[in-house]
Chemist: 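Quick one: the structure is below, and I'll ask about it shortly.
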Amino acid sequence: MIFDIVFIILLLVAGLCAWQIARTDFRRRIIPDVYLFPLLLIGLTVTHFFPWPISTTDSLVAAISGYILTSITGFVFTKIKSDSATPPIGFGDIKLITVGGIWLGTNGLAIALAVACLGGLIWGISKKQKFVPFAPFFVLGGILSLIITTFLI
């Protein structure tokens, strides 16, 4: 009973953190660490101590590979587009993808990134924006990915 209540509270706090990350990135184009690090810690706790569809090992592998691949991608895009003062991929996005890897695992992270990139591309083209907030699309992609990997795969 207590175990289930703690699990539900952790998921509610994680949902609130994800909502705040998406909202803040959409409004101010920044991902605050004050919401990101609790989401990271809750993700580690949930995948390790509670019944979660993704194993702890898969979560850590996804987090590390997501961090490395996103960092390399950001570095390459920064070198290619050196005329701009703003990097195309911010450090908040890199940390968010790392946290997403912990929550979603390798398969779920791939699905979430595909959904987020497609959604961001459609948003950017339709609104004719140069900069697209990535966090709202990644959070939606993560939720969709979690539903897909839990119930369909």
Side-chain angles (χ1 to χ4, degrees), residues 8-48 50 52-54 56 58-81 84-153:
I8 290 170
I9 290 172
L10 286 175
L11 289 181
L12 288 174
V13 171
L16 179 66
C17 288
W19 168 257
Q20 286 296 103
I21 287 170
R23 189 174 70 101
T24 305
D25 190 36
F26 187 77
R27 288 184 177 175
R28 298 185 350 199
R29 288 185 28 213
I30 189 169
I31 298 175
D33 290 341
V34 71
Y35 302 117
L36 198 58
F37 289 139
L39 191 61
L40 171 81
L41 294 175
I42 293 170
L44 287 172
T45 303
V46 165
T47 58
H48 188 69
F50 294 94
W52 194 249
I54 292 97
T56 306
D58 189 32
S59 294
L60 293 176
V61 167
I64 292 168
S65 61
Y67 180 81
I68 290 171
L69 290 175
T70 311
S71 298
I72 290 171
T73 304
F75 178 76
V76 168
F77 279 140
T78 301
K79 291 299 178 188
I80 290 173
K81 195 172 173 135
S84 176
T86 307
I89 298 176
F91 292 115
D93 296 327
I94 294 170
K95 291 183 280 188
L96 180 64
I97 290 171
T98 303
V99 172
I102 288 175
W103 279 94
L104 303 171
T106 51
N107 292 335
L109 183 63
I111 294 169
L113 283 173
V115 168
C117 290
L118 184 63
L121 180 68
I122 292 170
W123 174 270
I125 290 172
S126 68
K127 298 292 183 181
K128 295 181 177 58
Q129 289 185 340
K130 186 175 179 181
F131 296 105
V132 176
F134 187 70
F137 299 106
F138 185 73
V139 168
L140 288 175
I143 293 168
L144 183 65
S145 166
L146 195 57
I147 291 169
I148 288 171
T149 55
T150 302
F151 297 113
L152 299 179
I153 295 179

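Residues: numbered from 1 along the sequence shown.
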Chemist: List the atom pairs, donor and acceptor, that lie under 3.5 Å between side-chain atoms in residues 60-72 and the rest of the protein, sequence neighbours left out.
Modeler:
{"residue": "Ser65", "atom": "OG", "partner": "Val61", "partner atom": "O", "Å": "2.8"}
{"residue": "Ser65", "atom": "OG", "partner": "Ala62", "partner atom": "O", "Å": "3.2"}
{"residue": "Thr70", "atom": "OG1", "partner": "Gly66", "partner atom": "O", "Å": "2.6"}
{"residue": "Ser71", "atom": "OG", "partner": "Tyr67", "partner atom": "O", "Å": "2.7"}

Chemist: Considering residues at least two apart in sequence or located in another chain, which fulfil the side-chain contact (heavy atoms from CB on, under 4.5 Å) criterion with Arg27?
Modeler: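 Applying side-chain contact (heavy atoms from CB on, under 4.5 Å) to Arg27 gives Arg23.
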Chemist: CG of Asp58 to CD1 of Ile102: how many Å apart, nearest 0.5 Å?
Modeler: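 Rounded to the nearest 0.5 Å, the CG-CD1 separation comes to 11.5 Å.
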Chemist: Would you mind telling me which of Val46, Leu109, Thr47 makes a side-chain contact (heavy atoms from CB on, under 4.5 Å) with Trp103?
Modeler: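 Between Trp103 and the candidates, side-chain contact (heavy atoms from CB on, under 4.5 Å) is satisfied uniquely by Val46.
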Chemist: Table please: side-chain donor-acceptor pairs of residues 134-146 below 3.5 Å, with sequence neighbours left out.
Modeler:
{"residue": "Ser145", "atom": "OG", "partner": "Gly108", "partner atom": "O", "Å": "2.7"}

Chemist: Roughly how far, to the nearest 0.5 Å, is the CG atom of Leu10 from the CD1 atom of Ile42?
Modeler: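 That separation rounds to 5.5 Å.
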Chemist: Please enumerate all residues that pass side chain to side chain donor-acceptor pair (under 3.5 Å) together with Thr45, with sequence neighbours excluded.
Modeler: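 Once residues adjacent in sequence are excluded, Thr45 has no partner under the side chain to side chain donor-acceptor pair (under 3.5 Å) criterion.
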Chemist: Give me the atom names and distance for the closest heavy-atom approach of Ala14 to Leu39.
Modeler: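 Minimum heavy-atom separation between Ala14 and Leu39: O-CD1, 3.4 Å.
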Chemist: Once ring pair (Phe, Tyr, Trp, His ring centres under 6.0 Å) is applied, do any residues pair with Phe26, and if so which ones, sequence neighbours excluded?
Modeler: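 Residues passing ring pair (Phe, Tyr, Trp, His ring centres under 6.0 Å) with Phe26: Trp123.
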Chemist: Can you measure from OG (Ser126) to CG (Leu121) and round to the nearest 0.5 angstrom?
Modeler: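 These two atoms lie 9.5 Å from each other.
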Chemist: Strictly by salt bridge (charged side-chain N to carboxylate O under 4.0 Å, His left out), give each pair with a member in residues 59-70 just once, sequence neighbours left out.
Modeler: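 Sorted result for residues 59-70: empty, none.
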Chemist: When you look at Thr149 and Leu104, which way does the side chain to side chain contact (heavy atoms under 4.5 Å, CB included) test go after all the steps?
Modeler: CA-CA 9 Å; Thr149 55; Leu104 303 171; 5.9 Å; no
Chemist: Tell me, please, which residues at least two apart from Asp93 pass side chain to side chain donor-acceptor pair (under 3.5 Å).
Modeler: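 Testing Asp93 for side chain to side chain donor-acceptor pair (under 3.5 Å), a comparison that skips the adjacent residues, returns none.
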Chemist: For Phe50, look at atom CZ and say whether over 12 heavy atoms of other residues, nucleotides or ligands are found less than 6.0 Å away.
Modeler: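 Yes, because the 6.0 Å sphere around CZ of Phe50 holds more than 12 heavy atoms from other groups.
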Chemist: Sorted by first residue and then second, give each salt bridge (charged side-chain N to carboxylate O under 4.0 Å, His left out) pair with at least one member in residues 30-43; sequence neighbours left out.
Modeler: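 For residues 30-43, and leaving out neighbouring residues, the salt bridge (charged side-chain N to carboxylate O under 4.0 Å, His left out) pairs sorted by first residue read Asp33-Lys95.
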Chemist: Identify, with sequence neighbours excluded, every residue that meets side-chain contact (heavy atoms from CB on, under 4.5 Å) alongside Ile9.
Modeler: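 Applying side-chain contact (heavy atoms from CB on, under 4.5 Å) to Ile9 gives Ile5, Val13.
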Chemist: If I take atom CZ from residue Phe75 and atom CD1 from residue Ile80, how far apart are they, to the nearest 0.5 angstrom?
Modeler: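 So the CZ of Phe75 and the CD1 of Ile80 are separated by 10.5 Å.
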Chemist: Kindly write out the residues that satisfy side-chain contact (heavy atoms from CB on, under 4.5 Å) with Ala110, not counting sequence neighbours, or none if the list is empty.
Modeler: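 Residues passing side-chain contact (heavy atoms from CB on, under 4.5 Å) with Ala110: none at all.
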Chemist: Which residues satisfy the side-chain contact (heavy atoms from CB on, under 4.5 Å) test with Ile30, sequence neighbours excluded?
Modeler: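 Testing Ile30 for side-chain contact (heavy atoms from CB on, under 4.5 Å), a comparison that skips the adjacent residues, returns Thr24, Arg28.
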